[in-house]
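Remember, it's 1-based here, ligands and their atoms both numbered in the order they're listed.
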Amino acid sequence: MRRFLIAGNWKMNTLRQSGVALAGELAAVAVHEEAGVEVLICPPYPYLLPVGERIGGSAVQLGAQDVYFESPGAFTGEIAVEMLKDCGCRYVLIGHSERRAILGETDAVINRKVRAALAGGLTVVLCVGELLAERQSGQTEEVLDRQMEGGFSGISEAEAASIVVAYEPVWAIGTGVTATPEQAESAHEHLRKWLARRYSLAFSEKTRILYGGSVKADNAETLLSQPNVDGALVGGASLKAATFVPIIEAARKLAN
Ligand code: PGA
């Protein structure tokens with residue numbers, strides 16, 4: 001049985017005070033480790049330390065939204081894996097569609113980041129997903145395959161055990177348009193089959209595949225109840241405890 005992962009991607013939101021306050025509310029909800037559900041938050045870099053301090057002692061995990069692949073050195077503006085670890089991060093998001101589209105990240109760059117993060121001992125949430133035009137022209141599976149090939153390139157099965165995949169159809173991110181449970185399940189099933197072909201059936205069955213794209217309290221339970229949906233990567237609704245906690249609760253209900 002795969003453990004649900006409910007992850008909040010705060011993106012470029014919150015200030016120190018509001019971020020720490022939100023973290024405190026979540027720490028009060030996810031007090032102890034649970035067999036069925038894991039909770040993760042990914043604040044902006046400057047708030048990793050105070051947010052990490054606030055969730056210390058709770059079951060809420062800390063992650064970053066990106067990382068650079070080089071070791072510390074002359075890379076102005078970038079952040080190294082060991083810095084994230086030093087700030088208490090266990091997780092890092094890599095390949096989010098906003099980084100692909102706005103910052104121009106290619107599958108090759110994403111792969112270097114994945115490899116560096118794994119080598120440094122972080123768990124990677126590798127984001128993949130098709131654009132609206134790609135879905136409309138029937139290219140969804142081809143795009144997902146290309147992003148998976150790129151992201152997982154040169155990574156052994158043992159290393160890949162520290163990768164969580166997040167399927168985020170770009171047309172559903174921040175738009176209020178959620179993939180239907182059937183659309184999500186079909187993409188997730190496709191991704192799991194890809195993992196089985198690339199590695200092994202046993203590996204594919206252990207790997208968590210999250211859904212992201214306008215996940216909210218009122219659609220979380222239906223999405224999470226799909227057999228191949230193992231959690232959610234939540235943007236907008238992760239910015240308030242009142243909208244994020246019900247998603248955690250939906251996972252708890254299904255896990256028990
Ligand atoms: P959203 O964002 O929940 O606001 O659609 C999801 C994401 O980009 O991870």
Side-chain angles (χ1 to χ4, degrees), residues 4-14 18-19 22-23 26 38-45 47-48 51 60-67 89-105 110 113-114 117 122-132 134-135 140 143-144 147-148 151 163-181 183-184 187-188 191 208-224 226 229-251:
F4 282 119
L5 175 61
I6 305 300
N9 172 13
W10 293 4
K11 308 193 179 184
M12 200 171 74
N13 291 296
T14 71
S18 53
L22 172 57
L26 300 176
E38 187 178 7
V39 178
L40 165 69
I41 52 177
C42 302
Y45 290 135
Y47 309 134
L48 285 172
V51 164
V60 180
Q61 298 290 333
L62 187 67
Q65 299 172 16
D66 185 36
V67 69
C89 290
R90 281 238 205 121
Y91 282 86
V92 62
L93 309 182
I94 296 181
H96 190 277
S97 69
E98 285 147 20
R99 298 210 59 88
R100 292 177 189 263
I102 305 169
L103 284 304
E105 287 193 11
I110 289 162
K113 292 185 171 188
V114 172
L122 289 170
T123 297
V124 170
V125 178
L126 173 65
C127 306
V128 297
E130 81 287 358
L131 304 168
L132 182 59
E134 292 166 337
R135 172 162 286 268
T140 297
V143 170
L144 294 181
Q147 294 175 343
M148 292 289 277
I163 300 182
V164 174
V165 176
Y167 170 62
E168 297 205 305
V170 181
W171 46 272
I173 296 179
T175 56
V177 180
T178 318
T180 64
Q183 285 172 323
H188 282 230
L191 292 169
R208 291 184 290 185
I209 307 177
L210 315 183
Y211 170 79
S214 298
V215 176
K216 309 235 171 334
D218 60 5
N219 58 28
E221 193 177 330
T222 335
L223 286 162
L224 293 172
Q226 301 305 306
V229 177
D230 310 313
L233 181 53
V234 187
S238 74
L239 294 174
K240 285 201 169 74
T243 47
F244 192 53
V245 173
I247 300 171
I248 300 172
E249 298 289 2

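Contact analysis puts G213 in contact with ligand 1, with a non-hydrogen atom separation below 4.0 angstrom. In this structure, S214 is part of the shell of residues with a heavy atom less than 4.0 angstrom from ligand 1. Contact between K216 and ligand 1 is absent, with no heavy atom of the residue lying under 4.0 Å from the ligand.
Note on R100 versus E105: no salt bridge recorded, every NZ/NE/NH1/NH2 to OD/OE distance being 4.0 Å or above.
The OG1 atom of T14 lies 7.5 Å from the CG atom of L239; values are rounded to the nearest 0.5 Å. In this structure, CD in Q65 is found 12.5 Å from CD1 in I94, a value given to the nearest 0.5 Å.
In terms of protein heavy-atom proximity, atom 9 (O) of ligand 1 is nearest to E168 OE2, 2.7 Å. Remark: minimum distance from atom 4 (O) of ligand 1 to any protein heavy atom is reached at G236 N, 2.8 Å. Among all protein heavy atoms, the one lying closest to atom 6 (C) of ligand 1 is G235 N, 3.5 Å.
Atom CZ of R208 has more than 12 neighbouring heavy atoms from other residues, nucleotides or ligands inside a 6.0 Å radius.
Less than 4.0 angstrom separates some heavy atom of G174 from each of these atoms of ligand 1: 1 (P), 4 (O), 5 (O). With ligand atoms numbered from 1 in the order given, ligand 1 contributes 7 (C), 8 (O), 9 (O) to contacts under 4.0 Å with heavy atoms of H96.
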task: Take H96 and N9, measure what side chain to side chain contact (heavy atoms under 4.5 Å, CB included) needs, and give me the verdict at the end.
output: CA-CA 10 Å; H96 190 277; N9 172 13; 3.5 Å; yes

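With a 4.0 Å heavy-atom cut-off, ligand 1 is reached by the backbone of A172 but not by any atom from C-beta on. Heavy atoms of N9 found under 4.0 angstrom from ligand 1 belong exclusively to the side chain.
Relative orientation of the Y211 and Y167 rings is tilted, given thresholds of 30° and 60° on the angle between their planes.
With P43 as the fixed residue, the side-chain contact (heavy atoms from CB on, under 4.5 Å) test singles out one of N13, L22, L48: L48.
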